[in-house]
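Note sheet for the following structure.
Counting starts at 1 for both ligands and their atoms, following the listed order. Here the structure is a predicted model, which means the values were calculated and not measured. We use all heavy atoms of the structure for the numbers below, so side chains are in, but hydrogens, waters and symmetry mates are not.
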Amino acid sequence: MSRRSGTPWWRHRSILMAVAAIAVLALVLQACTSGGTSDSASADEINTRRETAGLQPLSDDQLLAAGMTYLPSGEHDPYIMLASGGQSGQMFVIGVPSMRILKEVAVFTPEPWQGWGYGNKSTEEILAAGNIDGNEVSWADTHHPAISETGGEYDGEFVFINDKANARVAVIDLRDFEVKQIIKNPIAIVDHGGTKVTPDTDWVIQGGQYATPHGWEYAPIETYESEYKGMVTFWKFDRASGRVLEDQSFAMELPPYWQDLCDAGKLVSEGWVFCGSFNTELATGAGEDGSGEHFEAGASARDRDYLHVINLDKAVELAQAGNTFDVNGFPVIGLQTSIDEGLLYFVPEPKSPHGSDVAPKGDYIVVSGKLDPHVTIYSFEKMMEAIADENWELDPYGVPVLDFDSVMEAQVEVGLGPLHTEFDADGYAYTSIFLDSTVAKWSLGGDNYRGDDGWKLEGTLPVQYNIGHLVTAEGDTVSPDGGYLVALNKWSIDRFFPPGPLLPQNLQLVDISQPNDANPETGGMQVLYDMPLGMGEPHYAQIIKADKLNVFETYPEIGWDPGTMSVDPNAPVAGNERIERNGDTVEIWMTAVRSHFTPDHVNIKQGDHVIWHITNIDTSFDATHGFAVPGYNINLSLEPGETATVEFEATMNGTFPFYCTEFCSALHLEMAGYFLIEPTS
Ligand code: RUQ
Ligand code: CUA
């Protein structure tokens, strides 16, 4: 496949950019060559060497792009992107602008390198909390990571992520990037519109998607209108314990429209939540006999669906007052209560809406209709006026539908298939355009942004291809950074070597630091880097300043249990290693240090119940030890200071060499021992 050079925007670059390119290139080359003190290299020299290596020559713009993303060994990225791992059930940690993958954090899916779900009792308990009616579900479809916020700014303490496939939410502590909690939504079996957090992370929002009866009880599809329900769930988060408090959380019953992405209000709109929806047609799909229409047509028949405008503060009051009913022991505010108490309003939103994004000052809500070429911007103030004036009609379920014209602030034509919007520091917004495969840059109007200069398209940038979400640096906070944007493209088609017919997604890093006139066509945007990702389909991502993250280099004390984020008083420490038998139970206290386990042998009898504690007593940065027991599906990853417990029945007899699975020292291969299980008969 040939490299596509000479795409239109490159032809319009100014001489200034070329000069800048050479300057950057000089830096690149300096960093590349050992010693690195020679005179700057020219573009010609680089291109000569590329030719020798069988690579295409680079244009000045491409050289500039290379210089903007290359990080010499040891230089850290200023931004960290946390991206959903889609069907992998995990979360990716990616450096920006280098686009280097730093880790795939194990979330809902067992992962052996991190020892996630391979014998480590605490990880298995966290995973088991996501079981559904006792069924193990060992994968997830992670969609939307939400970094915890303080005052509407990312604070870098936690990140939440939802599993669309099974309506679960995970809580990840960003001190060690490990999952601490998985919660199964008790009333819904699938979700989508989450997670998002309120500006101080008091609430984690989990919005619904495909309606079912609450508790996903059986009900014939013919009873859709009366028996199927929509929902949004609000999980109470307790920062001190780092856990969602399930007994202080609640849900709201909604009509069986397919609720979609939600966003939390901020600043002026703090205390409110905005969720899109589709299938307000109440389509139920084509029948087995061929009657009726597919959802594709039935659920997109109307020109308008409903943005759900929810008064969260008031909902919390009602839930706390017990004005709820129970589904599977979980409190749910009934739809009629929401209507009577003024918790829920609808705003018509254009055709098959998807994104729902609150502007940085909380004053506008931006919505895209997948089948409408505009973004539609609503004014929160106007919504409040319409509510006060009761300027509404009722939908078939009795929910007030605010008058579209009186709450709409502006519409900007951006292209075919607009989806999601994020923001920068200069009053610009960026919307992903799925069908056109572009990013549209447009300006927000109003006093808080670009005033009379706003509400217009500033340029569009082609991306490769079919962009879903996009993310800008800190782009959904009260003070977006701008600078970088990442386009999370669904299709990569011809961009990379095809490793079979299942192709990677293409994450494209885009420079949004330049003024519009740097390139009038794209509004100054330039693609810097293409990053294939072949480990599941990332949906949404968030980008946080790296220096906001306070990550443990090693666990703070020896014997640290990451499950509780505290020292386990029962953890083995140097000097108290031992094996104790109590009836058929054998308990082992073992330590690991470069390059041995203590003790080296463990002798038990077949049928014994084994409780095996291990602490990594190494205290140096990066001195991780693994612990594998062949045949028993056990592998731990013990970071410096960490303790873990494995508990199992010794059903097989035999001679099992256990060993360390991390190449931790020159004598790593010697870091092994024997687990001897004597036959009983
Ligand atoms: S959405 S399909 Cu975030 Cu655009 Cu899940
Ligand atoms: Cu410890 Cu290898």
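An angle of 90° is found at atom 1 (Cu) of ligand 2 between Met671 atom SD and His625 atom ND1, rounded to 10°. For Cys664 atom SG and Cys660 atom SG, the angle they make at atom 1 (Cu) of ligand 2 is roughly 120°, to 10 degrees.
Near His539, the atoms of ligand 1 lying under 4.0 angstrom from a non-hydrogen atom of the residue are 2 (S), 5 (Cu).
Between atom 3 (Cu) of ligand 1 and His469 there is an N/O/S contact shorter than 2.8 Å. In summary, no N, O or S atom of His192 is located under 2.8 Å from atom 3 (Cu) of ligand 1. Metal site remark for atom 5 (Cu) of ligand 1: His143 contributes an N, O or S atom at a distance under 2.8 Å.
Using a 4.0 Å cut-off between charged nitrogen and carboxylate oxygen, Lys490 and Glu537 count as a salt-bridge pair. Ion pairing between a basic and an acidic side chain is recognised when a charged N comes within 4.0 Å of a carboxylate O; Lys351 and Asp305 show no such pairing. Contact check on Lys196 versus Asp476 returns a salt bridge, with a Lys/Arg side-chain nitrogen under 4.0 Å from an Asp/Glu carboxylate oxygen.
The side-chain heavy atoms of His625 and Met671, taken from C-beta on, include a pair separated by under 4.5 Å.
Taking the six-membered ring where tryptophan is involved, the planes of Phe552 and Trp560 are perpendicular, since the angle between them exceeds 60° and thus also 30°. Using the six-membered ring where Trp is involved, Tyr210 and Trp258 have ring planes that are perpendicular, over 60° apart on the 30 and 60° scheme.
Only the side chain of His354 comes within 4.0 Å of ligand 1, judged by heavy-atom distances.
Shortest distance from atom 3 (Cu) of ligand 1 to His144 is reached at NE2 (N/O/S atoms only).
Outside the 6.0 Å centre-distance limit, the rings of Tyr674 and Phe656 are not counted as a close aromatic pair.
For the pair Leu261 and ligand 1, a heavy-atom separation below 4.0 Å is found.
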